[in-house]
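Reading through the structure tokens given below for one structure.
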Amino acid sequence: MKIVAADVLVTSPGRNFVTLKVTTEDGLTGLGDATLNGRELSVASYLGDHVVPLLLGRDARNIEDTWQFLYRSAYWRRGPVTMSAISAVDTALWDLKAKAAGMPLYQLLGGASRKGILAYGHASGQDQHQLFDSIRHHLDVGFRAIRVQTSVPSLNAVYGVPAAPASREGDGHYEPAQRGSLPAEEDWDTRAYLRHIPGVFEAVRNEFGPELPLLHDGHHRMTPIEAARLGKALEPYDLFWLEDCTPAENQEALRLVRQHTITPLAIGEVFNTVWDYQTLIREQLIDYVRSSVTHAGGITPMRKLVDFAAQYQVKSGMHGATDISPVGMAAALHLDLAIHNFGIQEYMPHNERTNEVFRQTFTFRDGYLHPGDEPGLGVELDEKAAAGFPYQTAYLPFSRLRDGTIHDW
Ligand code: EZ4
Ligand code: CO
């Protein structure tokens, strides 16, 4: 199974995606997602300029060897650009191996450990009325677990809440990356946020009852002591998890949070290797690992990460926002289905244009995702349709405090 071609495809059917297509001498093709939100072209260049030439002529069957070669031979290790590029190669090789075997990828990973993959959706609102509407809409379309994000009084634009209410039909999902030549500016005040959020969860519990799993994303904005305070304040509302409560480059910060709250903690959508979790997992400072197949080096290292986490009763909760392409999403679903320590899967459905470009076989029914039983990942890229949507410059927003200081977004 010699690799004879590897093509980097950039397309923007509503948002930017980078996909690697690897072709073998027998004419099989495998896909991998290399989308890094707001930095897409750097990964396309890393792949096209430096990785594709190394793939040509290699045996596509040797996935572990190829992963180690790409990781170690660059000398410069880790980092989101490198690891997203390696992810795409690794995922494409697993897609190829499963297609060659005539099996859905999850079979090669050990087979199904469950019937379906519990997914959570994103509800949000500018006020309580909009928020309740959004939660009801998510329940109506089948979600059985819901992330709750709201505006904060006195702040103009807050992470997780679209400027206009999401319509019940169509493309009205929250999409933080905005097209344009400069990133949008948002404002932030942690004290105002901390005062507001517990009351929101109290109201949601009162309206929707005790059973519905509720999640919340702090999006890296708190100090350890602020995160501890929020976790403690949210305990009566029984969250499934509080996500990214601190910017977690400093793993030790979570020790302090953990000492003060029993609200479960999830972290790691911006992490890209197991090393980012070493202290967090070994000291059981978190409950869920948030890494995605797309950003953490592919199926091969993700399997190792979740197996390491399993020894400490830490579960998976893979990132699944719209900047994970349908290829990356399918890869996550095969892994979710196979591993024992699955926790939950984030799921933000893509818009219709994206689904026309990426033909998928995965399904969402009654709150559960399933990768389907086509050989490989079960996603095909319609290159003709993709070519109709050229790359568009887009950036994630950033935040400033009231006095103008840059804050974590
Ligand atoms: O901000 O995917 O949990 N989900 C998130 C996402 C991230 C985007 C960044 O690319 O935090 O909305
Ligand atoms: Co998040």
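Atom set for the values below is all heavy atoms of this structure, side chains included, hydrogens, waters and symmetry mates excluded. First listed ligand is number 1; within each ligand, the first listed atom is number 1.
- Cation-pi geometry between Arg58 and Phe69 is satisfied (NZ or CZ under 6.0 Å from the ring centre, within 45° of the ring normal).
- Side chain to side chain, Tyr277 and Ser291 meet the donor-acceptor criterion of an N or O pair below 3.5 Å.
- Remark: at the Co ion (ligand 2), atom OE2 from Glu243 and atom OE1 from Glu269 enclose 90°, rounded to the nearest 10 degrees.
- Residue Asp217 approaches the Co ion (ligand 2) most closely through its N/O/S atom OD2.
- Among the backbone and side-chain atoms of Asp244, no N/O/S atom is found under 2.8 Å from the Co ion (ligand 2).
- The N/O atoms of Asn37, backbone and side chain alike, include one that comes under 3.5 Å of an N/O atom in ligand 1.
- Taking the six-membered ring for Trp, Trp188 and Tyr159 have ring centres at least 6.0 Å apart.
- Looking at heavy atoms from C-beta onward, His122 lies in side-chain contact with Tyr120 at the 4.5 angstrom threshold.
- Among all non-hydrogen protein atoms, the one lying nearest atom 7 (C) of ligand 1 is Glu269 OE2, 3.4 Å.
- Counting heavy atoms under 4.0 Å from ligand 1, residue Tyr159 touches it through the side chain alone.
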Derivation of the side chain to side chain donor-acceptor pair (under 3.5 Å) call for Ser12 and Arg179: CA-CA 11 Å; Ser12 196; Arg179 285 177 172 174; 2.9 Å; yes
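- Atom numbering of ligand 1 starts at 1 in the shown order; those under 4.0 Å from a heavy atom of Arg290 are 3 (O), 4 (N).
- The aromatic rings of Tyr46 and His50 stand perpendicular to each other, their planes meeting at an angle above 60°, with 30° marking the opposite boundary.
- For the Co ion (ligand 2), the N/O/S atoms of Glu346 include none lying under 2.8 Å.
- Heavy-atom proximity to Glu346, at under 4.0 Å, picks out these atoms of ligand 1: 3 (O), 4 (N).
- Those atoms of ligand 1 that come under 4.0 Å of a heavy atom in Arg147, given as number and element, are 3 (O), 4 (N).
- Side chains of Asn37 and Arg15: a donor-acceptor N/O pair is present below 3.5 angstrom, by distance only.
- Close contacts between ligand 1 and Asp217 involve ligand atoms 3 (O), 4 (N), 5 (C), 11 (O) [criterion: under 4.0 Å to a heavy atom].
- Annotation for ligand 1: atoms under 4.0 Å from non-hydrogen atoms of Trp409 are 1 (O).
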Step-by-step side chain to side chain donor-acceptor pair (under 3.5 Å) determination, Arg402 to Ser154: CA-CA 10 Å; Arg402 291 192 195 280; Ser154 81; 2.7 Å; yes
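- Note: an N/O pair closer than 3.5 Å links His219 and ligand 1 by distance alone.
- Note: Tyr193 and His219 fail the aromatic proximity criterion, with ring centroids not under 6.0 Å apart.
- Each of the atoms 2 (O), 8 (C), 9 (C), 10 (O) of ligand 1 lies under 4.0 Å from some heavy atom of Asp323.
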